[in-house]
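Can you read through this structure? Questions will come right after.
Numbers restart at 1 for each chain; the letters A, B, ... are given by sequence-line order, proteins then strands.
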There are 2 protein chains.
Amino acid sequence: MLSALALVLNYSEPSRHQARWESGTFFSQDSQNEIKSTRRSIVNSDIKVPIAINRYKIPYELIMTRTNQTHQPQFALTVDLAIFTVNYGKLCVLLICRGEDPFSNYWALPGGFVLPEEDVEDAARRELTEETGLDASEMHLEQLGTYGNPKRDPRMRVVSVAHVALVANLDRPVAGGDVSQAKFWPVDSLALGRGDKAERIPLAFDHDTIVTDAIERVRSKLEYTTLATAFVNEPFSLADIRGVYEAVWGKAPDVANFRRKVLSTKGFVLPAGKAGVPGNRGGRPAALYLRGSATHLHPPILRSEINT
Amino acid sequence: MLSALALVLNYSEPSRHQARWESGTFFSQDSQNEIKSTRRSIVNSDIKVPIAINRYKIPYELIMTRTNQTHQPQFALTVDLAIFTVNYGKLCVLLICRGEDPFSNYWALPGGFVLPEEDVEDAARRELTEETGLDASEMHLEQLGTYGNPKRDPRMRVVSVAHVALVANLDRPVAGGDVSQAKFWPVDSLALGRGDKAERIPLAFDHDTIVTDAIERVRSKLEYTTLATAFVNEPFSLADIRGVYEAVWGKAPDVANFRRKVLSTKGFVLPAGKAGVPGNRGGRPAALYLRGSATHLHPPILRSEINT
DNA sequence: AAAATAGTGTCTGTCAGACATTATTTC
DNA sequence: GAAATAATGTCTGACAGACACTATTTT
């Protein structure tokens, strides 16, 4: 049923939503009198499908004819970012401590509003630049999904397009400072899912769901893409990116097999010589590599079924 | 940088967006004077990150304090559906012929508005029921992604959450009728991508992009899930679901290997006896199966690299 | 019997899993 | 030399690709 028709039906029958409709949102009573909706049976090959036609027509026209009148915003559109990095062998996500209600003092994903003339992806990249202070044009950023439950924000209807970003370990250590506002939290210290609330950090809104989905996205991405290299600074050793797999999957691939796979995949990594590393505490120095141009792995590196 | 801050900065510097800001959307000049924004340096372990704090605070408060005043709708939020089926060995997607501008007489994906109190997924499932006339609660429906380019609809800002649905061949053939309004189009007859516009059907808005993404989603889903069974009615033969792979991938998996894979995956299909089929035109009758409870394939059935 | 479709057997090459062994460095 | 880390060698089993062959039905 198309939305305009649904609206009429809702309006003509008593329901818990009626008060909300009457209190004035998109369509006034007058507008609804203008609504005409028809259903047609359509046929494709041998198949009959009842459809609602002109689904775009009525809402759009009403919007366009009423732009000079009073309307409340229907939705707020935001982007939320799950910015991942690997720190000290752990997969971490950047969280911000909220300073006000709701969820005051809860940790939340960074995010912000999509500007009226801004593409959603541009908004996400803008936020990424703001949160990391780095040039986000080179970073991996992808859309995760849209979270639009009407109750996800108690104040108003907020629909959020969640994104996943991967950043290499930031390389400018600075001693001291205020740690309370934002932090890369290891994901295993967060209260995600059902039974593990004890001792773990709860998140604001539905951000536990988003983070859970984002982690699974990252885990599966490592299977069939070369994105592990996005977590490390260049140049890197094979042990570095194997460490990424260990941090993200919780289990490291076999050393020899991993090396075989990475080096036999054209364009996964580019040799960059060998060099003594300052912090070497003993051990043969590793060969170093740069990121290659390949993006996908054929066939993938699969997590073992047991671990899944 | 948080959106509110960006808004202030945009406002204070001459830019091509300035006129638009001034013409009044969410935040009036007065509102902007209320905006206070600070930047802090935060430290995580050894890592210093400049961040913008209180990103939610200002926009939300302004919205909440101004709900009695005049605002224009910022965004329209819709769902679009790419409803796929397999007809006569071809992957098809349901399209609606538009009756009005813009894109009058162009074919477009079915879709509609998300209602003010409705979850995005509920909206998609509602549309799916409307478009197919079937009980959508059993069908496979998943979110594809959100398309929010400001120019995707020439009339106003419309952000659309695209979904992918898979339906079995509808089983009530009806002769004759009006074919002009909606139709399952074979995807190879649509103008998708760059150079193949000639002789193919162009789509409205950015629906060519959405359909392209949706097709790729379906193709990859067949690799690692049991969703091929969602395209066929029960009971089905192994040849039936192999035909789905052929239609979606353009190339059929080897018969013997495919059988081996499907039958060795617990819960992919459930034996349902063997029966003579009415339309049998010669040939040994196939064993029949029902959908199993498994959803994922470990390891996946990979498309050959060449075909990718 | 011929045609058509369903289903089986089996060989081979590739590759992941596993793990033992060698190489090169710091202390 | 001991410890630590990097890198290599190699055996094995699982399985995908390929394709020849058998089985059961309609006409």
Report task. Quick one: closest heavy-atom pair of Arg291(A) and Glu234(A), and the distance? Result -> N-OE2, 2.7 Å
Query - Residues within residues 252-262 of chain A bordering DNA chain C, heavy-atom distance below 4.0 Å - result: Asp254(A), Ala256(A), Asn257(A), Arg260(A), Lys261(A)
Query raised in the report: When the distance from CD1 of Ile301(A) to C1' of dT14(C) is rounded to whole Å, what number comes out?
Result: 16 Å
Query raised in the report: Taking CZ from Phe236(A) and C1' from dT5(D), how many angstroms apart are they, rounded to a whole number?
Result: 19 Å
Query raised in the report: So which heavy atom on Val187(B) is nearest to which on Leu192(B), and how close?
Result: O-CD1, 4.2 Å
Requested in this report: For Leu297(A) and dA16(C), give me the distance from atom CG to atom C1', rounded to whole Å.
Outcome: 14 Å
Requested in this report: Could you pick out which residue, Gly283(A) or Leu263(A), lies toward the 5' side of DNA chain D when each is mapped onto its nearest nucleotide?
Outcome: Gly283(A)
Query raised in the report: In whole angstroms, how far is the C1' atom of dA23(D) from the CG atom of Leu238(B)?
Result: 16 Å
**Report entry** Interatomic distance where NE2 belongs to His298(A) and C1' belongs to dA16(C) [whole Å]
**Finding:** 18 Å
Report summary line: When Val93(B), Ile96(B), Asp80(B) are each screened for side chain to side chain contact (heavy atoms under 4.5 Å, CB included) with Pro110(B), the one that passes is Ile96(B)
**Report entry** Minimal non-hydrogen separation, Met139(A) against Leu128(A), with atom names
**Finding:** SD-CD2, 3.7 Å
Query - Proximity to the side chain of Arg284(B) - top-ranked nucleotide from dT25(C), dT5(C), dA16(D) - result: dT5(C)
Report summary line: Heavy-atom closest pair (Tyr289(B) atom, Val269(B) atom, distance to 0.1 Å) is CD2-CG2, 3.6 Å
Query - Spacing between Leu288(B) atom CG and dT5(C) atom P, to the nearest angstrom - result: 16 Å
Query raised in the report: Quick one: Arg242(B) CZ to dA16(D) P, roughly how many Å, whole number?
Result: 15 Å
Report summary line: Separation of dA16(C) atom P from Lys251(A) atom NZ, nearest Å, is 14 Å
Report summary line: Closest non-hydrogen contact found for Leu288(A) with Ser237(A) is CD2-N, 4.1 Å
